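Below is one structure, written out as structure tokens; comments come after it.
Model, not experiment: these values are computed from the prediction. Heavy atoms only: backbone and side chains are in, while hydrogens, waters and symmetry mates are out. Letters A, B, ... are given to chains in the order of the sequence lines, protein chains preceding strands, and every chain is numbered from 1.
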Amino acid sequence: MTITEFLENFIRKESLFKNKSVLQSAYFPEEVLHREEQISQIAKILAPSLRAERPSNIFAYGKTGTGKTLTIQYTLKEITKISQRENIPLKHVYINCKLKKVADTEYRLIAEISRHLGKNIPPTGLPTDEVYNIFYKALNNEKKIIILVLDEIDQLVKKVGDEVIYNLTRINTELKESQLSIIGISNDIMFADNLDPRVKSSLSEEEIVFPSYNAIQIQDILKKRCAEAVKEGVIEDGVIAKCAAYAAREHGDARRALELIRVAVEIAERKGLSKITLQELDESEEKIEKDRVVDIITTQPKQFQLVLYSILMIAERKKNNDPIFTGDIYSLYKDLCNKTNLRPLTQRRVSDVISEFDLLGIINAKVISKGRYGRTREVNIVTNDAMNTKIISLLETSLSL
DNA sequence: CGAGATTCATGTGAAGTATACCTTTAGGCTTAA
DNA sequence: AAGCCTAAAGGTATACTTCACATGAATCTCGTA
């Protein structure tokens with residue numbers, strides 16, 4: 001079959017999707033299932049904002065894929081509808097703190113919020129105080145109640161400490177025209193315990209817990225979305241149930257379950273099938289994990305890639321699941337640097353690089369003491385053998401080894 | 001045999017450096033009166 | 001003389017390095033039973 005034939009076939013063949021975007025993570029549904037409780041709690045807490053009173057700060061937590069972000073955005077959207085209709089001075093700003101180079105330091109976070117308020121702030125060069133000043137002014141100019149949503153706030157605090165949050169919660173005392181209220185979203189349930197008590201008490205004036213979905217709830221969500229997104233009969237009986245059961249058993253992660261289905265359908269489409277089966281579901285799972293890792297890896301700087309490559313090579317060499325230690329990684333990394341004419345980073349820095357990979361979830365690294373034989377990080381790779389081979393060759397091309 | 005002391009390999013914090021980028025300011029040049 | 005542009009000066013955040021000290025359990029040491 002020639003390429004032309006293939007492409008012609010492809011358009012002629014009907015897509016299995018009715019509307020693929022419904023299954024994509026950016027999709028914003030009309031209705032949020034199984035979060036009635038949380039929605040009403042949030043609405044109650046935020047309602048005073050419609051009377052131009054500052055609502056309490058909210059701290060929302062729950063595992064990934066439990067609908068935190070969605071629920072909060074949904075509620076805010078409803079409130080905004082009303083505030084616009086009634087001409088109530090209310091505004092909300094949503095920031096994801098995890099995004100590298102966007103909101104992962106104090107400076108960048110404040111700068112990013114200010115940008116949402118219409119200020120132009122350079123990526124570097126200004127004193128942080130100055131950025132705070134611009135931020136105060138921007139807030140005051142709004143003359144509004146401002147609800148600031150900080151998603152993945154735990155990531156931010158892990159990196160730069162809780163002082164930023166403290167400053168933000170205290171800012172109201174200096175504001176005359178506007179009032180700021182904060183909604184913090186965290187995946188890490190233990191997160192709040194490590195906060196400065198002052199920060200903790202002011203951030204979590206109200207707490208909202210998002211429990212994991214159970215299998216039945218995930219199934220509901222899947223059915224609803226699939227009905228909109230995919231054509232009738234594409235999804236074989238039992239596939240949704242299986243997928244839901246699987247997701248519920250793992251983490252109760254609805255986002256993942258949705259993605260699993262979407263990718264499974266894409267795979268089926270590519271194979272020229274008319275419906276998906278458990279087989280595609282399995283393949284889908286593998287593909288998602290691979291895409292995630294590939295995405296992370298390719299966006300890392302060369303030095304980081306080389307560190308990861310070293311880790312994988314050592315893992316490969318050992319074959320069994322022996323743990324890998326920092327020293328081995330560093331010496332291999334240094335050799336490779338010499339071969340590639342890259343200036344090696346210091347061990348101190350590589351140590352941080354390794355823990356960044358840990359944070360990204362590509363590897364598992366924990367600090368252990370080997371008694372007499374010193375202390376080190378014990379690194380384990382999370383991905384399976386087949387994928388490692390792929391990653392290795394990907395890295396080899398990228399690093400031209 | 002068991003309580004302390006020792007030891008190793010690296011973690012980790014603090015301070016310093018290079019780089020990239022920002023604002024301000026002082027000349028220098030152009031322009032219009 | 002006023003206006004505009006440019007380049008230097010002075011300042012900052014960030015990624016990384018350098019330096020120095022902290023860690024913590026396996027192992028060693030040595031007094032005691």
**OP:** Test side chain to side chain contact (heavy atoms under 4.5 Å, CB included) on A:Lys370 and A:Arg375 and set out the steps.
**Re:** CA-CA 5 Å; A:Lys370 290 189 293 168; A:Arg375 79 203 304 252; over 6 Å; no
**OP:** Starting from the C-alpha separation in whole Å, work towards a yes-or-no answer on side chain to side chain contact (heavy atoms under 4.5 Å, CB included) for A:Leu168 and A:Ile110.
**Re:** CA-CA 9 Å; A:Leu168 283 174; A:Ile110 304 298; 4.2 Å; yes
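Two rings, from A:Tyr309 and A:Tyr333, have their centers 6.0 Å or more apart.
Residue A:Arg377 is the one, among A:Arg377 and A:Gly125, whose nearest nucleotide of DNA chain B lies closer to the 5' end (criterion: closest heavy atom). Residues A:Leu126 and A:Asp104 each lie close to DNA chain C; by heavy-atom proximity, the contact nearer the 5' end of the strand is made by A:Leu126.
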Subject >> Per-nucleotide protein contact string for nucleotides 16-26 of chain C (B base, S sugar-phosphate only, - none; heavy atom under 4.0 Å) >> reply: SSB----BBBB
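Residue A:Arg108 contributes atom CZ, which lies 18 Å from atom P of C:dT12 at whole-angstrom precision.
Remark on the helix from B:dC1-C:dG31 to B:dT31-C:dA1: inter-end axis angle 20°, axes from five-pair C1' superpositions, rounded to 10°.
In 5' to 3' order, the nucleotides of DNA chain B bounding all contacts with chain A (an atom under 4.0 Å from a heavy atom) are B:dT7 to B:dT23.
Closest non-hydrogen pair, A:Ala254 versus A:Ile221, comes out as CB-CD1, 4.3 Å. For the residue pair A:Ile185 and A:Asp154, the shortest heavy atom distance occurs at O-OD1, 4.2 Å.
Under the 30°/60° scheme for interplanar angles, the aromatic rings of A:Phe59 and A:Phe191 are found to be tilted.
With no hydrogens or angles considered, no side-chain donor-acceptor pair links A:Asn187 and A:Thr64 at under 3.5 Å. Side-chain atoms of A:Glu228 and A:Tyr27 form a donor-acceptor pair, as typed in the model, at a separation below 3.5 Å.
At most 12 non-hydrogen atoms from other residues, nucleotides or ligands lie less than 6.0 angstrom from CD1 of A:Ile216.
Within the cation-pi definition used here (under 6.0 Å to the ring centroid, within 45° of the axis), A:Arg35 does not qualify as a partner of A:Tyr74.
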